[in-house]
Amino acid sequence: EVQLQASGGGLVQAGGSLRLSCAASGFTFDDYSIGWFRRAPGKEREGVSCITSSDGSTYYAYSVMGRFTITSDNAKNTVYLEMNSLKPEDTAVYYCAADPNDYCSGYGSGFTHPFDFWGQGTLVTVSS
């Protein structure tokens, strides 16, 4: 059974940092790309970042480029999202998801391919 568990959310002041983790199990981690999404209150879900397993290619939405960094530890089956210079508009529930085709591409504000497996989210709240 494919399982993805996001963790690391919390309350932080604007300008602060958080690191989210996505722990994966139940599938061959090396065959999948992992993406991070977020859904802010009253807004549509946004594809934030993703990383492939095959070559570590990454994608970032325009809204987080230069502030967020995605990395993968294949030995731990875990993907991290380092979030720096956080802004109140980054407040959202963050989810991680897996694509068995190991794709990672986007158009600035979302991904160009679906992710088939989803984990529960972790809440990030950035206070002003």
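This is a predicted model, so every value here is computed, not measured. Computation of the quantities below employed the complete heavy-atom set of this structure, encompassing side-chain atoms and omitting hydrogens, waters and symmetry-equivalent molecules.
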Non-hydrogen atoms of [X] and [Y] that approach each other most closely:
{"X": "Y95", "Y": "G119", "result": "CD2-O, 3.5 Å"}
{"X": "G8", "Y": "L18", "result": "O-CD2, 3.9 Å"}
{"X": "A98", "Y": "P100", "result": "O-CD, 3.9 Å"}

Side-chain ([X]) to main-chain ([Y]) donor-acceptor, under 3.5 angstrom:
{"X": "N77", "Y": "F29", "value": "no"}
{"X": "T122", "Y": "S7", "value": "no"}
{"X": "Y59", "Y": "G110", "value": "yes"}
{"X": "S57", "Y": "T52", "value": "no"}

Side-chain contact, heavy-atom cut-off 4.5 Å: [X] with [Y]?
{"X": "M83", "Y": "V48", "result": "no"}
{"X": "Y32", "Y": "F117", "result": "yes"}
{"X": "L4", "Y": "I34", "result": "yes"}
{"X": "W36", "Y": "V79", "result": "yes"}
{"X": "S49", "Y": "L81", "result": "yes"}
{"X": "S33", "Y": "C50", "result": "no"}

- prompt: Can you tell me how far CD of E46 sits from OH of Y94, rounded to the nearest 0.5 angstrom?
  reply: 8.0 Å
message: Would you compute the distance between atom CD of Q13 and atom OG of S128 and round it to the nearest 0.5 angstrom?
response: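 Answer rounded to 0.5 Å: 9.5 Å.
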message: Test side-chain contact (heavy atoms from CB on, under 4.5 Å) on V64 and R38; report intermediate values, then the result.
response: CA-CA 11 Å; V64 305; R38 67 185 181 186; 3.9 Å; yes
query: Among side-chain atoms of H113 and D99, is any donor-acceptor pair under 3.5 angstrom?
result: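 Short answer, yes.
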task: For the residue pair T78 and S21, confirm or rule out a side-chain donor-acceptor distance under 3.5 Å.
output: no
Is there a path of hydrophobic side-chain contacts, each under 4.5 Å between heavy atoms, that joins [X] and [Y]?
{"X": "M65", "Y": "V126", "result": "yes"}
{"X": "W118", "Y": "V93", "result": "yes"}
{"X": "F115", "Y": "Y80", "result": "no"}

- prompt: Does CD belonging to Q120 count more than 12 external heavy atoms closer than 6.0 Å?
  reply: no
message: Angle between ring planes, F111 versus F37, binned at 30° and 60°: parallel, tilted or perpendicular?
response: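 F111 vs F37 ring planes: perpendicular.
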List the atom pairs, donor and acceptor, that lie under 3.5 Å between side-chain atoms in residues 66-76 and the rest of the protein, sequence neighbours left out.
from, atom 1, to, atom 2, distance (Å)
R67, NH1, S85, O, 3.0
R67, NH1, D90, OD2, 2.7
R67, NH2, S63, O, 2.8
R67, NH2, D90, OD1, 3.0
R67, NH2, D90, OD2, 3.4
S72, OG, N74, OD1, 2.8
D73, OD1, A75, N, 3.1
D73, OD1, K76, N, 3.3
N74, ND2, D30, OD1, 3.2

